[in-house]
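Right, one structure below, let's go through it.
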Amino acid sequence: MISRLESGEEDVHGQDWNSLDQQAQQAYLDERRLAYLSEQVVNWCPKLGTALANEEVIDGKSERGGYPVHRKPLRQWMFRITAFADRLLADLDTVDWPDSTRAMQTEWIGRSEGADLDFELSNGSQLRVFTTRPDTIHGATFMVVAPEHPIVEQVLKDSPDGCDANAVSTYVEQAASRADVERMADQGDKTGVSLGITASNPATGESIPVWVADYVLMGYGHGAIMAVPGHDERDAAFARTYGLSIQTVVASGSEVEECFTGDGTVINSSTPALSLDGLSSQEARTAVTEWAEQQAIGTRKIRYRLRDWLFSRQRYWGEPFPIVHDEHGGIWPISETHLPVELPPLADFAPEESDDPQPLLAKAKDWINTTAGEAGVDPTLLDPTTPVTRESNTMPGWAGSCWYYLRYCSPDFDSGLVDPQAEKYWLADGVDLYIGGAEHAVLHLLYARFWHKMLYDLGFVSSTEPFRKLFHQGLLTTWAYQRSDGSLVPIDEVEEHENDLYIETATGDEVTRIIAKMSKSLRNVINPETVIEEWGADTLRLYEMYMGPLEASKPWNPRDIVGVFRFLQRFWRLAVDEETGEIRAGDEADDGIERQLHRTIEKVGNDIPKLAFNTAIASLIEFTNLATSTGTLTRDQLDRIVRTIAPLAPHLAEEIWHRLGHQQSVAQAPWPDFDPSMLVDDMIELPVQVKGKVRSKISVAADADEATVQEIAMADERIASLLEGETVRKVIVVPGRIVNIITG
RNA sequence: GCCGAAGUGGCGGAAUUGGCAGACGCGACGGAUUCAAAAUCCGUUUCCCGUUAAGGGAGUGUGGGUUCGAGUCCCACCUUCGGUACCA
């Protein structure tokens, strides 16, 4: 029945199901649940006193705090995110996200196409491997299994002839005790031990040795590989170290390469069992897979690098799982009417630094040990007097960050996740624009997508993706100082002298000023509060937007703040008489200013949706400078420019807006209109190039045709003198842009 | 190593589809105002040659290429930043 279900057949009857015993039913369901308990080798961080998800471990250290992480077996709650791997991958094409982020997620999900192949072993068992290169099967000259592979234990038990059991067990123990950090440090140096058994290469019929080596990971595929040293760098390195045979079975097409990992033409691969010579790698992959399927020794397989998501933590601060356990290992949900489960009060809830994984909530004995009725399990499921223990793990922070944006639609809605009406209104196509740091690329942004898809399947949300458009703001960097040996000096230990000379106060040595990330240790973190105190919130806001493109990392330079502050002051003085506090307004609108105003409204209106705040502000500064030097604005012009600056400097705008006599907030006012005809001048200046160099400028009517422009250009005094004695070969006129005269 | 992003004045940065490189701001220099300073206002400010000027030359990480014309497109390389790390 199970195999029929697996193959997608639908004629499975209830009686078939009922014929299974309860355990088998449970096992079948558990294998498919989105949330399940599983004994896992987890990333245990003793310092934090908790296990971490794969994504939270960076270079063998915890993402938060950078503490060492060890591998420990632990029974944990998992999310079957792998069941969504294909959708998470495919739907990346449907979102408007930065390429770099999509690339990161694509790699994290890591889809690879290949085949599972079974090899017969000399000890009578079978070894299953996954390979993306079935086309190189004739070149498989040895096999490698991970130290944790079950075959290793089996071999140790049987200890066949030719197996140095001591060497094997020593190697396996070493591999197990080594922390991930160490394992990473000596990448490239491959170590391993022969198991003393052989496998039969089904294509060549040859007996090839089986080795154990830690460059093969138990966590991917089957923890075993067929090694093709002729066409895989890692296998090649291993073969060279231990003098194993190397076979070339793919021609690179060019010169002889030691280890060619690309696709080419298959050679040296004709045996009675299977002949591939002359096929392309692509064709050979299909041929070998089909052959293996016929021989019942393999199947086509798509595999993902993505692993299931470890979703429990041993900390106090996290949502408790609404789950209790009975004495027989049964798992029972707490009914909805008893949700949410609240954390028990605890005198001491600091994490305990420990090598012995123990959830913190286990300390709350009275809370942990309860009855089904007390905990809130549906009495029709379980007798209320049944003694149960509460789940003592808690959820990680992601539990909240995965759906908070949904809650924003209807924060007061109390009969569900989100008000369906509000969800349809706000999130019909996901969040319109989501701005956040690139550091969330494979954490928050992948997890939230998974939750959203799950909620979509359950009918709670109407879009398949949570964040339609994603934008990463750049990091703010700042000055830091570096000694000649490369070490860094906190900024408050350095004195600035003239001519960009920087001296470390303690030693008197000269240090160099560099750009670095803001960090507590360098004491170069900027607190926005102090900027607001000194310059005001509008200045801070404007400065941050004016620094450069939103997505770029850029240095915080306090020296530049005064620039936007001056601008705001000038804008204020343009609108308000400093003596009286009254609005300064003229009666007569200057034509040049009016035109510039239309251009500014257009520019700001275009730039804001593009998040190009820096250029929007530049155009506002330009307008203000022009207006200040040319005269005063009319009331009507003030009215429009205040509305234009309002999104960028809301406080200033609001103040002037009210002095202009408006009762409502400027935020409620409509965006000012501009007249497209006001954007172009009647007469424009056009550069004239001779042989690609600008030699003069001419003034022509904006709508002048090419012939007229050419005539005026040729008639220009300077151009005429330059063209004297030259043959004009060609004249290029780009209307409204440029004239280029080619001579010779 | 691989993947991604980016290299433009003293500094942050502008620059439509390939069409005047350096908008705007900071800093610097000069001037006005002031008893003085702050603040404000005006002017200059890519570099080199040219006393000033007129003018000329070079110039967007490096080297080539395409084009009437390249910061922008193509090829090769260098550097910086971010991500990733034996995933078979």
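Computed from a predicted structure; not experimentally measured. A note on names: the letters A, B, ... follow the listed sequences, proteins ahead of strands, and every chain is numbered from 1.
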**Item:** Main-chain N/O of A:T82 paired with A:D308 side-chain donor or acceptor, under 3.5 Å
**Value:** yes
**Under 3.5 Å donor-acceptor, A:D607 side chain and A:N614 backbone** = no
**Request:** Describe, in one word, how the ring planes of A:Y242 and A:F238 are oriented to each other, choosing from parallel (under 30°), tilted (30 to 60°) and perpendicular (over 60°).
**Result:** tilted
**Prompt:** Does B:G9 fall in syn (glycosidic angle within 90° of 0) or anti?
**Reply:** syn
**N/O donor-acceptor pair under 3.5 Å between A:R695 side chain and A:R718 backbone** = no
If you restrict it to nitrogen or oxygen atoms, what contacts under 3.5 Å exist between nucleotides 20-23 of chain B and the protein, and what is each distance?
from, atom 1, to, atom 2, distance (Å)
B:C20, O2, A:K697, NZ, 2.6

**Request:** Write down the partner of B:U44 under the Watson-Crick or G-U wobble criteria, each distance required to be under 3.5 Å.
**Result:** B:A28
**Complete:** Per atom distances to the A:R305 side chain, the nearest of B:A85, B:C68, B:A88 is B:A85
**Prompt:** Please give, in whole Å, the distance from B:C86 P to A:E148 CD?
**Reply:** 14 Å
**Request:** Any strand is fair game: report the nucleotide pairing with B:C77 by Watson-Crick or G-U wobble, both distances under 3.5 Å, or none.
**Result:** B:G61
**Asked** Of A:S100 and A:Y220, whose nearest nucleotide on RNA chain B comes first from the 5' end?
**Response** A:S100
**Item:** Pairing partner (Watson-Crick or G-U wobble, both distances under 3.5 angstrom) of B:C2
**Value:** B:G83
**Message:** If the cut-off is 4.0 Å, is A:R566 near the phosphate of B:C26, judged by side-chain N/O to OP1 or OP2?
**Reply:** yes
**Complete:** Taken to the nearest whole Å, CZ/A:R559 to P/B:A28 is 7 Å
**Pair of N/O donor and acceptor under 3.5 Å linking B:C68 base with A:N740 side chain** = yes
**Prompt:** Below 4.0 angstrom from OP1 or OP2 of B:A88, is there any side-chain N or O of A:S112?
**Reply:** yes
**Item:** Of A:I621 and A:G219, the one whose closest RNA chain B nucleotide lies more 5'
**Value:** A:I621
**Request:** Give none if B:A38 has no partner; otherwise give the nucleotide forming a Watson-Crick or G-U wobble pair with it, both distances under 3.5 Å.
**Result:** none
**Asked** How would you label the contact of A:P98 with the nucleic acid (heavy atoms, under 4.0 Å): base, sugar-phosphate, or nothing?
**Response** nothing
**Residue among A:L648, A:D538, A:T624 satisfying side chain to side chain contact (heavy atoms under 4.5 Å, CB included) with A:L568** = A:D538
**Prompt:** Please give, in whole Å, the distance from B:A85 C1' to A:K190 NZ?
**Reply:** 11 Å
Collect all protein-nucleotide pairs involving nucleotides 52-61 of chain B in which both atoms are nitrogen or oxygen and the distance is under 3.5 Å.
from, atom 1, to, atom 2, distance (Å)
B:G56, OP1, A:R695, NH1, 3.2
B:G56, OP1, A:R718, NH2, 2.6
B:G57, OP2, A:R695, NH1, 3.3
B:A58, OP2, A:K693, NZ, 3.3

**Asked** Does the side-chain hydrogen bond (donor to acceptor under 3.5 Å, both in side chains) test come out yes or no for A:Q282 and A:R285, once each step is laid out?
**Response** CA-CA 5 Å; A:Q282 192 67 49; A:R285 279 197 276 275; 3.3 Å; yes
**Request:** Taking atom types as modelled, find out whether A:Q596 and A:R599 have a side-chain donor-acceptor pair closer than 3.5 angstrom.
**Result:** yes
**Prompt:** Any salt bridge between A:R305 and A:E107, counting N to O under 4.0 Å?
**Reply:** no
**Prompt:** Using purine N1 to pyrimidine N3 plus N6-O4 or O6-N4 for Watson-Crick, or N1-O2 and O6-N3 for G-U wobble, each under 3.5 Å, what pairs with B:A54?
**Reply:** none
**Item:** B:G43 and B:U66, which share atom name C1', separated by this distance in whole Å
**Value:** 44 Å
**Message:** Can you see whether A:T708 engages A:D705 through a side-chain donor-acceptor pair at a distance of less than 3.5 angstrom?
**Reply:** yes
**Request:** Indicate, with a heavy-atom threshold strictly under 4.0 Å, whether A:R729 touches base, sugar-phosphate, or nothing.
**Result:** nothing
**Prompt:** Under 3.5 Å, side chain of A:D577 to main-chain N/O of A:R584, donor-acceptor pair present?
**Reply:** no
**Message:** Each nucleotide in nucleotides 44-49 of chain B should get exactly one letter: B, S or -. Can you fill that in based on protein heavy atoms under 4.0 Å?
**Reply:** ------
**Prompt:** When you measure from the side chain of A:R133 to the backbone N and O of A:T261, does any donor-acceptor pair fall under 3.5 Å?
**Reply:** yes
**Request:** Could you check which nucleotide pairs with B:A70 in any of the strands shown, counting Watson-Crick or G-U wobble with both distances under 3.5 Å?
**Result:** none
**Prompt:** Within less than 4.0 Å of OP1 or OP2 of B:G25, is there a side-chain N or O belonging to A:N625?
**Reply:** yes
**Message:** Whole angstroms only, please: what is the CZ-C1' distance between A:F119 and B:A88?
**Reply:** 12 Å
**Prompt:** What nucleic acid atoms does A:R303 come within less than 4.0 Å of, heavy atoms only: base, sugar-phosphate, or nothing?
**Reply:** nothing
